[in-house]
Amino acid sequence: MTNYQYTKAPNQTIQASNGETFAYRELGEKKGVPVVFFVHLAGTLDNWDPRVVDGVAQNHWVIAFDNQGVGLSGGQVPNSIEQMARDSLTFIHALGLKEIDVLSFSMGGMIAQELVAIEPSLVRKLILAGTGPRGGEGIENVTKLSDLDSIRALLTLKDVKTYLFFTRTDNGKEKAKAFLLRLKERQENRDKGISLKAYRTQLKAITAWGLAFPADLSQIKQPTLVVNGDEDQMVPTVNSYDLNSRIPNSQLIVYPDAGHGGIFQNHDAFVKSVVAFLDD
């Protein structure tokens, strides 16, 4: 029986050519071009909204994985986004995949852009959500924003994603609570959380990437779907407009009254757009 439920998908591991182990989950029928999910800062397998994963997996083979040094994967967190992309390629090659679609969010979208630059022939279609280009506006401020909202979360006894991912309107607060409950639906065989050292290394890599010389995005030839909320404070929404203007074959969706996690706040609409985009 094909497994379409992310909360029940088993944790799997594979040893790559670099000798390290990658942890991953997959669901959906193993046919066609697989959709590989690239996760956000500090994200593990348990940070994907099950409604998004299940929705895409209804018609597609989906693979989510832990970056090196994170969760159940082995190795160390690299100190650059480019090396994270190379590690991702090592995982994808270990699975024997020759062509993939990419669904990426936040830091995952940065990794995805570097991956496409390194091995463009691997990627058929690209989804960049809640992210921006190398050298993009305000990306170097992610550490400061994350630290401030982490303190805010401690003081209010809330999950930091309440502040980092969602607007503070009534609608945003309601959707934040619903999202955080969905993340807890998996009861067994949950992933390990990221260590503080690994998290700080990721932050340094994002900061350096944000300060780096801008990439030539005209080289991205893949059909690309850019998605964000209109009030993204973490990776300012202007970066999504920038991606859309500089990637030749791209389209843009911006959700109203939505923050960095707009794809989770609007998961039903997002899944419909993703499926339409992938099947076009």
Side-chain angles (χ1 to χ4, degrees), residues 6-7 37-44 46-56 64 103-110 127-132 136-186 193-194 199 202-203 206 210 225-244 251-275 277:
Y6 189 59
T7 56
F37 281 46
F38 287 68
V39 77
H40 60 80
L41 167 70
T44 70
D46 290 333
N47 287 112
W48 283 112
D49 189 332
R51 299 299 181 276
V52 170
V53 184
D54 290 352
V56 177
L103 191 158
S104 63
F105 172 59
S106 193
M107 184 187 77
M110 300 170 193
I127 299 166
L128 300 172
T131 194
E137 183 175 323
I139 292 175
E140 76 277 7
N141 295 324
V142 166
T143 297
K144 181 174 70 175
L145 290 168
S146 298
D147 286 349
L148 285 172
D149 277 344
S150 292
I151 294 168
R152 193 177 179 190
L154 283 171
L155 293 174
T156 57
L157 303 179
K158 294 183 182 296
D159 189 299
V160 68
K161 290 183 284 293
T162 302
Y163 301 113
L164 288 175
F165 283 14
F166 295 89
T167 56
R168 302 308 296 151
T169 63
D170 289 342
N171 173 55
K173 291 176 183 177
E174 178 186 337
K175 295 296 175 63
K177 289 178 183 177
F179 168 70
L180 293 170
L181 286 174
R182 294 195 298 274
L183 292 189
K184 295 178 181 177
E185 287 177 355
R186 184 183 181 96
I194 191 170
Y199 168 63
Q202 285 187 345
L203 280 172
I206 291 172
L225 178 64
V226 181
V227 189
N228 208 342
D230 65 346
E231 292 290 338
D232 188 344
Q233 304 298 314
M234 201 168 183
V235 182
T237 307
V238 65
N239 287 291
S240 293
Y241 288 97
D242 190 21
L243 287 170
N244 178 229
Q251 52 186 295
L252 175 66
I253 297 173
V254 177
Y255 298 116
D257 186 22
H260 187 59
I263 63 171
F264 307 133
Q265 186 168 333
N266 298 274
H267 55 87
D268 286 336
F270 177 63
V271 166
K272 288 178 183 176
S273 297
V274 166
V275 171
F277 172 71

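What you see is a predicted model, and the numbers here were worked out from it, not measured in a lab. The chain is numbered in sequence order, starting from 1.
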Next item on the list: Identify whether the distance between the nearest side-chain nitrogen and carboxylate oxygen of Lys144 and Asp147 falls below 4.0 Å.
Entry: no

Next item on the list: For the residue pair Thr237 and Asp230, confirm or rule out a side-chain donor-acceptor distance under 3.5 Å.
Entry: no

Checklist line | Side-chain donor-acceptor pair present, Thr156, Tyr163, cut-off under 3.5 Å | finding: yes

Note to self: Is the ring pair Phe105/His40 parallel, tilted or perpendicular, if the boundaries are 30 and 60 degrees?
What the structure shows: perpendicular

Check: Would you say the ring centroid of Phe37 lies under 6.0 angstrom from that of Trp48?
Finding: yes

Notebook entry, point to check: Centres of the Phe166 and Phe179 rings: under 6.0 Å?
Noted result: yes

Below 4.5 Å, heavy atoms only, C-beta onward: do [X] and [Y] meet side chain to side chain?
X      : Y      : result
Leu41  : Ser146 : yes
Tyr255 : Val227 : yes
Met110 : Ile139 : yes
Phe270 : Leu103 : yes
Val226 : Ile253 : no
Leu164 : His260 : no

Notebook entry, point to check: Could you state the interatomic distance from CG (Asp159) to CG (Leu183), rounded to the nearest 0.5 Å?
Noted result: 7.5 Å

Next item on the list: Test Pro50 against every option in His267, Glu185, Arg186 by the side chain to side chain contact (heavy atoms under 4.5 Å, CB included) rule and name the one that passes.
Entry: Glu185

Next item on the list: Begin from the C-alpha positions of Glu231 and Arg168 and carry the test salt bridge (Lys or Arg N to Asp or Glu O under 4.0 Å) through to its verdict.
Entry: CA-CA 10 Å; Glu231 292 290 338; Arg168 302 308 296 151; over 6 Å; no

